[in-house]
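Below: one structure, written as structure tokens.
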Amino acid sequence: MPESVPSARMKPLARVFFARNPRRVARELLGKVLVRESAGSRLTARIVEVEAYLGEKDSAAHSAAGKTLRNAVLFGPPGYAYVYFIYGNHYCLNVSCEPEGRAGGVLFRALEPLTGIEAMAESRGVTLHNAKDWPRLTSGPGRLSEAFGITRARDNGRDLTSAESGLWIGDDGYRARRIVVGPRIGITKAAAMPLRYYLGRNLFVSGPRLRKG
DNA sequence: ATATCGATTATCT
DNA sequence: GATAATCGATATG
């Protein structure tokens, strides 16, 4: 179960938070809270795993080959949602980083659900039997997007620093412990770069890990 | 427990 | 026409 519930008066992170190097933003996003508010429902989940994607110098980044219609948000101002569709099946959520004009972003890879867990299960189309099933809700970029109802049509370009946007990132005072850095997952280019950040020993981190840490 | 594979489509070469 | 920042199912030890 959630070890804490974010306050109702938690506020979004400021835009300057995202106007920096994606590595720094990624590391500092660990422990923050992703919030989705719509039609009276409120989903919240703690960010426990992210990956940094650098600008045009990062061959694994969608921004590597320059600005296109798809990746335009990454070249725009910081703090906006870049949502892409992958493998004909899944959406993935990023937040744009760096000052406007420079590309860069952070991919959300795993969340620890805090509130609205039943709604997340419904969005994912799964039934929760015991706590062991919880990671299936939000562990993995495709899964967390589905749990939060994130699609490109609905959310690409959304301002993640505005509570009015209905999708934003807050700080509830939680401080990340045991931050681990390692190679990114699922890529073939620049695979060795240590740009994946996650909370060690957290059960919601994606991948074929279970116990230990 | 790890390994391999098929699904399915927007985007880019 | 090939590829992809994934997932869930199936196969095998």
Side-chain angles (χ1 to χ4, degrees), chain A residues 18 21-23 25-27 29-30 34 45 47-76 78 80-98 103-111 113 120-129 132-158 160 169 180-198 203-213:
Chain A
F18 301 98
N21 187 306
R23 303 177 196 246
V25 176
R27 178 179 282 271
L29 273 177
L30 291 175
L34 182 66
I47 299 166
V48 300
E49 180 188 357
V50 292
E51 280 177 358
Y53 284 85
L54 313 181
E56 301 178 74
K57 57 188 168 214
D58 180 359
S59 60
H62 288 179
S63 48
K67 185 176 176 177
T68 66
L69 188 59
R70 175 172 76 146
N71 65 22
V73 172
L74 291 174
F75 290 81
Y80 287 83
Y82 166 52
V83 181
Y84 66 88
F85 187 59
I86 191 69
Y87 293 115
N89 282 302
H90 309 286
Y91 294 97
C92 297
L93 172 69
N94 298 249
V95 59
S96 61
C97 300
E98 303 275 19
V106 172
L107 169 69
F108 291 71
R109 284 200 59 89
L111 308 172
M120 293 183 204
E122 185 174 347
S123 295
R124 290 272 297 120
V126 303
T127 306
L128 295 176
H129 294 100
K132 246 193 153 178
D133 300 326
W134 287 25
R136 311 238 76 185
L137 296 178
T138 53
S139 180
R143 293 188 184 125
L144 73 88
S145 295
E146 188 171 38
F148 271 67
I150 291 165
T151 66
R152 181 167 169 92
R154 182 183 183 188
D155 297 305
N156 190 54
R158 196 174 287 280
L160 299 181
I169 302 160
V180 184
V181 186
R184 292 175 294 187
I185 288 180
I187 58 173
T188 55
K189 291 164 278 191
M193 296 182 75
L195 294 174
R196 172 175 178 245
Y197 299 82
Y198 60 96
L203 295 173
F204 294 83
V205 171
S206 73
R209 68 194 67 259
L210 270 171
R211 34 199 61 100
K212 305 284 276 195

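Quick caveat: nothing in here was measured; it's all calculated off a predicted structure.
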Output the single nucleotide from C/dT6, B/dA10, B/dA7 whose closest atom is nearest the side chain of A/Arg109.
C/dT6
A/Leu69 CG to B/dT9 P, straight-line distance once rounded to whole Å
20 Å
Tell whether A/Tyr84 reaches the base of C/dA5 with its side chain through a donor-acceptor pair below 3.5 angstrom.
yes
Option from A/Leu93, A/Leu107, A/Val73 for which side-chain contact (heavy atoms from CB on, under 4.5 Å) with A/Tyr82 holds:
A/Val73
Whether A/Arg136 contacts C/dC7 is assessed here as follows: a side-chain N or O lying under 4.0 Å from the phosphate OP1 or OP2. Is that the case?
no
Could you tell me whether the phosphate oxygens of C/dT3, OP1 or OP2, come under 4.0 Å of any side-chain nitrogen or oxygen in A/Arg70?
no
Rounding to an integer number of Å, can you tell me how far A/Asn89 CG sits from B/dT11 C1'?
15 Å
Evaluation steps, salt bridge (charged side-chain N to carboxylate O under 4.0 Å, His left out), between A/Arg136 and A/Asp133:
CA-CA 6 Å; A/Arg136 311 238 76 185; A/Asp133 300 326; over 6 Å; no
In whole Å, what is the span from the CZ atom of A/Arg184 to the C1' atom of C/dT6?
16 Å
Side-chain heavy-atom pair A/Leu111, A/Val48 within 4.5 angstrom cut-off:
no
So, do A/Tyr53 and C/dA5 meet the stacking rule of ring centres under 5.5 Å and planes under 30°?
yes
Separation of A/Ile185 atom CD1 from C/dC7 atom C1', in whole Å?
13 Å
Are A/His62 and C/dA5 close enough that a side-chain N or O sits under 4.0 Å from OP1 or OP2?
yes
Position toward the 5' end of DNA chain C (nearest nucleotide), A/Gly186 or A/Val126
A/Gly186
Rounded distance (Å) that lies between atom P of C/dA5 and atom CG of A/Leu144
16 Å
Take the protein atom CZ of A/Phe85 and the nucleotide atom C1' of B/dA7, then report the distance between them rounded to whole Å.
11 Å
Side chain of A/Tyr87 (C-beta onward), nearest among C/dT6, C/dA5, C/dG8:
C/dT6
What is the distance, to the nearest angstrom, from the CG atom on A/Leu137 to the P atom on C/dC7?
13 Å
Where does the angle between the aromatic ring planes of A/His62 and A/Tyr84 fall among parallel (under 30°), tilted (30 to 60°) and perpendicular (over 60°)?
perpendicular
Need the pair for C/dA5. Rule: Watson-Crick or G-U wobble, both distances under 3.5 Å, any strand; none if unpaired.
none
Salt bridge A/Asp58-A/Arg184, side-chain N to carboxylate O under 4.0 Å:
yes
Check the phosphate of B/dC12 against A/Thr68, side-chain N and O only, distance under 4.0 Å to OP1 or OP2. Yes or no?
yes
Base, sugar-phosphate, or nothing for A/Leu107, non-hydrogen atoms under 4.0 angstrom?
base
A/Tyr91 atom OH is separated from C/dC7 atom P, nearest whole Å, by 15 Å
At 4.0 Å (heavy atoms only), tell me whether A/Arg152 reaches a base, stays on the sugar-phosphate, or touches nothing.
sugar-phosphate
